[in-house]
Amino acid sequence: MSDFNAFIKLFEKSRRIVVLTGAGVSTLSGIPDFRSSDGLYSKEFGHMRVESILDIDFFSAHPDVFYSWAKEYWYQMDSFEPNIIHTVLAEIEKRGKLTEGIFTQNIDGLHQRAGSKKVYELHGSVREGYCMKCHSHYSYDFMAKIVNSGAVPVCGHCGGTVKPDIVFYGEPLNSSILMRAENAFANADLAIVLGSSLVVNPAASLPYIAARNGHDIVIVNRDKTYIDDYAALRFTDLKSFFDEFSQYLGIKQSV
């Protein structure tokens, strides 16, 4: 029996499935990841490391530098479309299999655009923003228009800096989403990890919760992860895996 057929057996017998997605999922839509050899962290911006630009203290002091960097990457989101992974996950949720939801490290909102409803963004979303002073909320369209003009989004109510609703270095994750994630991975009988090298905590620790509770783990990721030895099955190519999965599910691909 092939590994993929073994996966289908696990998939069919599972009643409670949870998924963790990382940057590898979005690269199929053309959005660069962070840690690969040509990822965002491999390129300096004005002689600065990108990790430094993504620090909350740095953002507070130099929002102009952050937005100058982010303009090219995160404020062109309308030019990216959901890919086959997003489409398949939306379909298996619709079929009642993805009961515990998608917990994503991605900030691009492509899962929701593909039709997924149970999406929990561990690292926040660039699709929204809020004023750091009065907490007024602002839309992506409002922010993108200003950022792409070369300016910093400023609150129309109090003049404070508008920050994208993403988790910067030095900021805690949303505690309620993290608690939901821990419960989901403890309760799911199948945990699927997609496109994450599992190096950023606390998200990286979630599959271990599933393993500790004796549940099956399937990993689809190009690079090795710390939890590979716990996985029931491991695949390295997201595109070929989801081509086969969509074919099994009878999903017609648009392209």
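Computed from heavy atoms alone, side chains included, the values below leave out hydrogens, waters and symmetry copies.
Contact of the F245 side chain with the I8 side chain is registered, since non-hydrogen atoms from C-beta on lie closer than 4.5 Å. The side-chain heavy atoms of F7 and I192, taken from C-beta on, include a pair separated by under 4.5 Å. The closest side-chain heavy-atom distance from I92 to L89 is below 4.5 Å.
The six-membered or imidazole ring of F185 lies away from that of Y208, with a centre-to-centre distance of 6.0 Å or more. Separation of the Y75 and Y140 ring centroids falls under the 6.0 Å cut-off. In this structure, F4 has its ring center under 6.0 Å from that of F241. A distance of 6.0 Å or more separates the ring centres of F66 and F58.
For the residue pair S125/D165, the side-chain donor-acceptor check at 3.5 Å is not satisfied. Between the side chains of N174 and S176, at least one donor-acceptor pair of N or O atoms lies under 3.5 Å. Side chains of Y120 and E100: no donor on one and acceptor on the other come within 3.5 Å.
Put simply, the side chain of D237 gets close to the backbone of K239: a donor and an acceptor are under 3.5 Å apart. A donor-acceptor contact shorter than 3.5 Å is absent between the side chain of H111 and the backbone of T104. For the pair T236 (side chain) and N221 (backbone), a donor-acceptor distance under 3.5 Å is absent. At least one donor-acceptor pair under 3.5 Å links the side chain of H123 to the backbone N or O of Q105. Between the S197 side chain and the V199 main chain, no donor and acceptor come within less than 3.5 Å of each other.
Relative to the six-membered ring of Y130, K163 misses at least one condition, a distance below 6.0 Å or an angle of at most 45° to the axis.
For Q112, the side chain to side chain contact (heavy atoms under 4.5 Å, CB included) test picks out V119, E121, with sequence neighbours left out. When the side chain to side chain donor-acceptor pair (under 3.5 Å) test is applied to D189, no partner is found at least two apart in sequence or on another chain. Looking at residues two or more places apart in sequence or on another chain, you find a salt bridge (charged side-chain N to carboxylate O under 4.0 Å, His left out) between D228 and R234.
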For S175 and L178, run side-chain contact (heavy atoms from CB on, under 4.5 Å): C-alpha distance rounded to whole Å, both residues' side-chain angles, the deciding distance at 0.1 Å, then the answer. CA-CA 5 Å; S175 58; L178 187 57; 5.6 Å; no
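Linking Ile, Leu, Val, Met, Phe, Trp and Tyr residues whenever their side-chain heavy atoms come within less than 4.5 Å places V18 and I209 in a single cluster. No chain of hydrophobic side-chain contacts below 4.5 Å, direct or via other Ile, Leu, Val, Met, Phe, Trp or Tyr residues, connects L194 to L122.
None of E72, Q76, K71 except one satisfies the side chain to side chain donor-acceptor pair (under 3.5 Å) rule with N148; the exception is Q76.
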